[in-house]
Protein chains: 2
Amino acid sequence: MFVTNASVRLGPMHNRRERPAKPALTRDGIVGAALAVMRAEGMDKVTMRRLAKELDTGPASLYVYVKDTEELHAAMLDELLGEVDLDPGDSSDWRERLRQVITSYQRVLHDNPSLARVALVTRLSGPHYLAVVEAVLGQLAEGGMPKAQAGWAVDMLLLVATASAVEHGTQQENPSAAAANHSQLERVVAEAPADTYPNIAAHSRELMGGPAGNRARWMFDVLISGALGTPIP
Amino acid sequence: MFVTNASVRLGPMHNRRERPAKPALTRDGIVGAALAVMRAEGMDKVTMRRLAKELDTGPASLYVYVKDTEELHAAMLDELLGEVDLDPGDSSDWRERLRQVITSYQRVLHDNPSLARVALVTRLSGPHYLAVVEAVLGQLAEGGMPKAQAGWAVDMLLLVATASAVEHGTQQENPSAAAANHSQLERVVAEAPADTYPNIAAHSRELMGGPAGNRARWMFDVLISGALGTPIP
DNA sequence: ACCTGAACACCGTTCAAGT
DNA sequence: ACCTGAACACCGTTCAAGT
């Protein structure tokens with residue numbers, strides 16, 4: 001009765017003293033751990049089992065907070081999109097302001113190519129993605145693009161930006177394989193037998209990319225001026 | 001010495017009589033089996049192990065003919081692209097002829113959405129893909145598009161066509177999940193709090209797609225007229 | 001109600017050892 | 001030289017049983 005019991009004084013935490021406190025499992029905690037693993041070791045190490053180990057639990061527990069792997073990937077991507085700089089800057093040209101936003105979006109994906117692939121394949125609806133859409137629509141509206149065009153143009157703009165990020169990103173992610181792939185395509189295009197593929201042969205120089213900045217700028221301009229100039233059927 | 005030996009008369013095939021003859025393993029045979037499994041049971045059953053079983057061998061044997069799973073997927077897709085109708089038809093308008101080709105490309109991918117995803121993520125260089133590029137370049141050249149623009153435009157055209165195929169295809173592939181996804185995005189967009197996402201709220205009707213045909217046509221026109229009107233920097 | 005151990009049903013890829 | 005059995009090192013997801 002008068003026994004001084006350390007564990008009573010310390011309360012329910014007494015047996016957490018030795019091990020680093022195991023943080024309570026939350027959806028955000030899981031997504032955070034997933035991003036950490038991705039940055040440290042690449043997307044292919046981001047698995048339910050590995051994450052469970054990281055969070056000191058069993059894989060089944062994660063399913064209380066995320067529906068499946070696809071949903072986890074989408075959540076990771078949305079989290080990352082929080083880094084996009086949506087401040088359009090103070091250029092007096094709305095195209096320039098819009099380009100600023102798109103470029104920031106592109107940079108974030110470019111630095112995380114394996115997540116960029118998620119954006120290509122999954123339909124997103126997280127708050128940060130919506131914020132990007134909101135910002136793009138805002139600039140299009142300021143530029144006076146009719147709503148019907150703007151609604152479809154935002155899709156194309158983000159699609160093209162995402163695809164370029166994937167394309168370039170994959171290269172730096174796995175430089176040797178990409179180099180091999182690239183020179184393979186390069187070889188194929190360069191050696192395209194002029195009798196089978198005359199047009200490819202005639203365009204071989206133009207097909208091989210050119211400065212990435214120029215190309216991105218050109219694509220952006222194509223979409224904007226095309227969308228402005230093409231009425232809805 | 002005078003023994004009549006059936007197996008000698010039948011030659012090396014004598015012991016193949018009972019089981020259906022196991023065809024020699026070839027790259028084409030593997031790709032063909034992969035497409036058959038995909039059509040019958042979906043892309044996620046197309047695995048090295050399953051294919052090996054199908055071909056009556058061990059998984060290791062497949063690696064003699066394909067480098068890895070990604071290469072197999074690319075080979076399947078290229079095979080499929082052989083179905084694209086590259087005959088541009090006889091319209092007097094080159095845009096119409098080009099649209100014909102793009103539409104056929106789109107239809108083939110649309111019917112095979114899980115392979116369409118491959119086109120979005122992998123750099124292709126198979127003969128049938130090159131034939132598509134060749135046909136598109138041919139029409140752009142007939143339309144008088146300068147080579148520099150055409151080289152970049154073909155990328156955008158195929159990218160946008162591929163992405164739409166993925167988007168629509170995924171819906172019909174897994175109708176219930178897609179319906180859930182769709183109404184989720186629909187709900188998010190429709191309920192987008194007008195104070196947080198005023199532009200999304202203002203564009204909600206326009207963002208929700210509209211008739212697929214109209215949209216595809218509009219996107220095509222945007223790209224063509226945008227590319228024609230935007231000189232290379 | 002919330003959480004999880006253990007199991008189910010698989011994977012891709014490599015390589016030593018066979019023919 | 002060509003082929004492959006067997007192993008290595010993993011997966012996602014479910015569900016009965018615990019607390």
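Letters A, B, ... mirror the listed sequences (proteins, then strands); counts begin at 1. All values reported here derive from a predicted model rather than from experimental measurement.
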Between [N] and [M], how far is it from one [atom1] atom to the other, in whole Å?
{"N": "dA9(D)", "M": "dA9(C)", "atom1": "P", "value": "24 Å"}
{"N": "dC8(C)", "M": "dC10(D)", "atom1": "C1'", "value": "15 Å"}
{"N": "dA6(C)", "M": "dC11(D)", "atom1": "C1'", "value": "16 Å"}

Taking [Y]'s backbone N and O only, do any of them form a donor-acceptor pair with [X]'s side chain (distance below 3.5 Å, no angle check)?
{"X": "His203(A)", "Y": "Asn199(A)", "answer": "yes"}
{"X": "Asn214(A)", "Y": "Arg217(A)", "answer": "no"}
{"X": "Tyr197(B)", "Y": "Pro127(A)", "answer": "yes"}
{"X": "Tyr65(B)", "Y": "Leu25(B)", "answer": "yes"}
{"X": "Asp155(B)", "Y": "Gly151(B)", "answer": "no"}

Just the dot-bracket of DNA chain D, please: which string comes out with Watson-Crick or G-U pairs under 3.5 Å, [ ] for crossing, | for another strand? ||.|||||...|||||.||

Starting at the 5' end of DNA chain D, which residue's closest nucleotide do you reach first, Arg49(B) or Met48(A)?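 That would be Arg49(B).
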
Indicate yes or no: does Lys45(B) engage Glu54(B) in a salt bridge with an N to O separation below 4.0 Å. no

Does the pair Glu167(B)/Arg123(A) count as a salt bridge with the N-to-O cut at 4.0 Å? yes

Of all nucleotides in DNA chain D that come within under 4.0 Å of a heavy atom of chain B, which is furthest toward the 5' end and which toward the 3' end? dC3(D) to dA7(D)

Would you please name every residue forming a side chain to side chain donor-acceptor pair (under 3.5 Å) with Ser61(B), sequence neighbours left out? Thr57(B)

